[in-house]
Asks: 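A single structure is presented below for examination.
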Amino acid sequence: MLRVAIIGAGPSGLACALELQRLGIKPVIFERYHRIGLPVERVDILMHLAWRPVKDQLAYLTRCCHLPVTSLGPLRTIVMHSHSHRSVIQARCLGYFVHRGRSPLSLENQLAARLTVPFILQTIADPLALAREFDWVVAATGDSKPARQLGLWQEFSNVAIRGATVLGQFDPHTSHMFWDTRYAGHGYGLLTPFDRGRACMLLAVGDIQSREMDDYWELFLESEKLHYPIVETHDQEFHCGRATRHQLGNILLVGNSGGFVSSLLGLGLFSGMISGVLAARAIAGKGDYERLIAPLIRRINELNELRFRLDRLDNHDLDRLVWALGMPGIKHLVYHSGLDVIPFVHGLISRLNKLPFTLKSPHPRRHQKKQG
Ligand SMILES: Cc1cc2nc3c(=O)[nH]c(=O)nc-3n(C[C@H](O)[C@H](O)[C@H](O)COP(=O)(O)OP(=O)(O)OC[C@H]3O[C@@H](n4cnc5c(N)ncnc54)[C@H](O)[C@@H]3O)c2cc1C
């Protein structure tokens, strides 16, 4: 029997464990915390647009990866706010809200509940040490440490993130995205609901010192009038980058550890879980890992390229972009056609200054239901 160690009980490591279990291999999972799930509760979005031609990511995970996952609900409305403009995009299902954290309903706990393999909790594992003991080691630590340790990490940027849980009245199917270089630089702000009474607020700003975050955060809340009671806040750093290789000897890098997260909005949940499943298949002798993940890497590179283009836009350009993405024809193509529109959005960005843009907003700048 193959001896496989998985480091990290996040979505990517657990997806890998489930696929190994399905293929008749029982891995051991090492997790540094005493419980499964992010210590801080959060809502992540599975955004359909990013991973087309996959039309529905939950359906794909169930059908092609044997990973049935329950979401908090569908994402039906995205409200995009730029400095002076606002666009509303609506569809039956633009994606899903997924619960992260330690509740039994969190993604991590849903996956863990289906496993019958041993967990070694409260243990910080080292890939190189385990590589001597096990036939295979899957590094799924959610950070770039294993890739750095192996000399395989190429850094793009260091993003400071502040998250908060807030109380108020929210539409459980609506997410707000905020693009304004004054408080986000070339990052973004996000408001995503847990339910009607609680939401998760986030500000991600690239290449600033963590201690500068207070000023950016205050400006974000003030500019967008996000005056909700805050239950808790937390800060973290996220290293955006890529792994130059994803396998070294018997060590495989999956999820964030393998750079399976696009710097465009930090979307990495879907690709991270897929990389975990593909690592399991490679371990079970069903293909070469680098080959199996090649389409995923191509897609991430395209999304990263889009990010680099967005980085060059100022607030006026972002106003134009948000306006254009809300135009009926473009909106239909981007959100409703089901086509892979990332190349189109690339083209749109390079033609921004040719658009007949007017600053007259079709909607008032509001992002919450009236407080009761
Ligand atoms: C604030 C924020 C918001 C995000 N929002 C979205 C979103 O809306 N949509 C989306 O698609 N993606 C989003 N992402 C990215 C997404 O969350 C990640 O891509 C996803 O969590 C990757 O899963 P993972 O299993 O690779 O890592 P993680 O979820 O980070 O899990 C890693 C696990 O490994 C454990 N661990 C770490 N080191 C060790 C060690 N040495 N030994 C043992 N255990 C260890 C950790 O405790 C953790 O349990 C967001 C990321 C951040 C930071």
Side-chain angles (χ1 to χ4, degrees), residues 45-57 74-97 171 173-192 202-204 206 220 223-224 262-267 270 299 302-368:
I45 302 176
L46 289 172
M47 184 90 74
H48 288 341
L49 186 66
W51 305 107
R52 284 183 192 163
V54 173
K55 282 200 178 128
D56 185 307
Q57 290 171 33
L75 165 64
R76 295 213 165 102
T77 307
I78 301 176
V79 188
M80 285 187 288
H81 307 252
S82 60
H83 178 55
S84 311
H85 202 78
R86 200 182 89 126
S87 289
V88 180
I89 285 92
Q90 283 178 314
R92 196 177 54 80
C93 186
L94 294 162
Y96 294 102
F97 292 118
D171 176 344
H173 302 296
T174 298
S175 178
H176 293 261
M177 287 179 190
F178 304 91
W179 311 85
D180 188 328
T181 55
R182 290 173 310 152
Y183 57 70
H186 294 297
Y188 61 93
L190 202 61
L191 182 80
T192 43
L202 184 149
L203 181 65
F220 172 46
S223 309
E224 302 300 344
S262 93
S263 2
L264 181 75
L265 293 176
L267 299 172
F270 182 70
R299 184 53 166 191
E302 283 169 10
L303 293 172
N304 286 345
E305 185 54 40
L306 195 53
R307 172 75 264 164
F308 300 144
R309 279 175 181 244
L310 284 173
D311 284 353
R312 291 183 216 128
L313 305 187
D314 60 18
N315 263 352
H316 187 61
D317 298 327
L318 287 170
D319 276 337
R320 280 170 184 265
L321 181 64
V322 166
W323 169 77
L325 290 172
M327 296 268 293
I330 296 180
K331 195 151 76 170
H332 177 80
L333 178 72
V334 173
Y335 300 96
H336 304 278
S337 68
L339 295 173
D340 177 12
V341 290
I342 297 302
F344 170 77
V345 179
H346 273 280
L348 186 65
I349 290 176
S350 39
R351 284 181 198 86
L352 274 182
N353 54 4
K354 299 204 176 87
L355 295 174
F357 175 62
T358 159
L359 256 185
K360 215 170 135 213
S361 172
H363 308 281
R365 280 170 60 86
R366 283 182 45 205
H367 48 77
Q368 66 179 108

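Bear in mind the structure is a predicted one, so any value in this text is a computation, not a measurement.
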Asks: I'd like to know whether L313 forms a side chain to side chain contact (heavy atoms under 4.5 Å, CB included) with I349, so could you lay out the CA-CA distance, the side-chain angles of the two residues, the decisive distance to 0.1 Å, and finally the verdict.
Replies: CA-CA 9 Å; L313 305 187; I349 290 176; 4.0 Å; yes
Asks: Between Y96 and I45, is the side chain to side chain contact (heavy atoms under 4.5 Å, CB included) condition met? List the steps.
Replies: CA-CA 6 Å; Y96 294 102; I45 302 176; over 6 Å; no
Asks: Any heavy-atom pair between the side chains of M177 and H81 that's under 4.5 Å?
Replies: no
Asks: Please report the interatomic distance CG(D314) to CZ(R182), rounded to the nearest 0.5 Å.
Replies: 13.0 Å
Asks: Return yes if some donor-acceptor pair links the side-chain N/O of T174 with the main-chain N/O of L75 below 3.5 Å, else return no.
Replies: no
Asks: Taking the side chain as C-beta and beyond, is there a heavy-atom pair between L325 and S87 under 4.5 Å?
Replies: no
Asks: Could you list the residues that satisfy ring pair (Phe, Tyr, Trp, His ring centres under 6.0 Å) with F97, not counting sequence neighbours?
Replies: none
Asks: Look only at the side chain of R299 and the backbone of A50, and say whether a donor-acceptor pair between them is shorter than 3.5 Å.
Replies: yes
Asks: Atom OG in S262, atom CG in L303: separation rounded to 0.5 Å?
Replies: 4.5 Å
Asks: State, with a plain yes or no, whether a side-chain heavy atom of R307 is found less than 4.5 Å away from one of H186.
Replies: yes
Asks: Is there side-chain contact between L267 and L46, with at least one heavy-atom pair below 4.5 Å?
Replies: no
Asks: Donor-acceptor pair, R76 side chain versus C93 backbone, under 3.5 Å?
Replies: no
Asks: Any non-hydrogen side-chain atom of W179 less than 4.5 Å from a side-chain atom of H83?
Replies: no
Asks: Does a side-chain heavy-atom distance below 4.5 Å link P74 with H173?
Replies: yes
Asks: Any non-hydrogen side-chain atom of L94 less than 4.5 Å from a side-chain atom of H48?
Replies: no
Asks: In the structure I gave you, are the side-chain heavy atoms of L190 and Y188 within less than 4.5 Å of one another anywhere?
Replies: yes
Asks: With a 3.5 Å distance limit and no angle check, can you tell me whether S175 reaches the backbone of T192 through a side-chain donor-acceptor pair?
Replies: no
Asks: For the pair N315 (side chain) and T181 (backbone), establish whether a donor and an acceptor sit closer than 3.5 Å, ignoring hydrogens and angles.
Replies: yes
Asks: Taking the side chain from D319 and the backbone from S84, do they hold a donor-acceptor pair closer than 3.5 Å?
Replies: yes
Asks: I need the D180 CG to E224 CD distance, nearest 0.5 Å.
Replies: 6.5 Å
Asks: Are the aromatic ring centres of F178 and F220 under 6.0 angstrom apart?
Replies: yes
Asks: When you measure from the side chain of Q57 to the backbone of M47, do you find a donor-acceptor pair of N or O atoms at a distance under 3.5 Å?
Replies: yes
Asks: Under the side chain to side chain contact (heavy atoms under 4.5 Å, CB included) criterion, do R86 and V79 qualify, and how do the steps go?
Replies: CA-CA 7 Å; R86 200 182 89 126; V79 188; 3.8 Å; yes
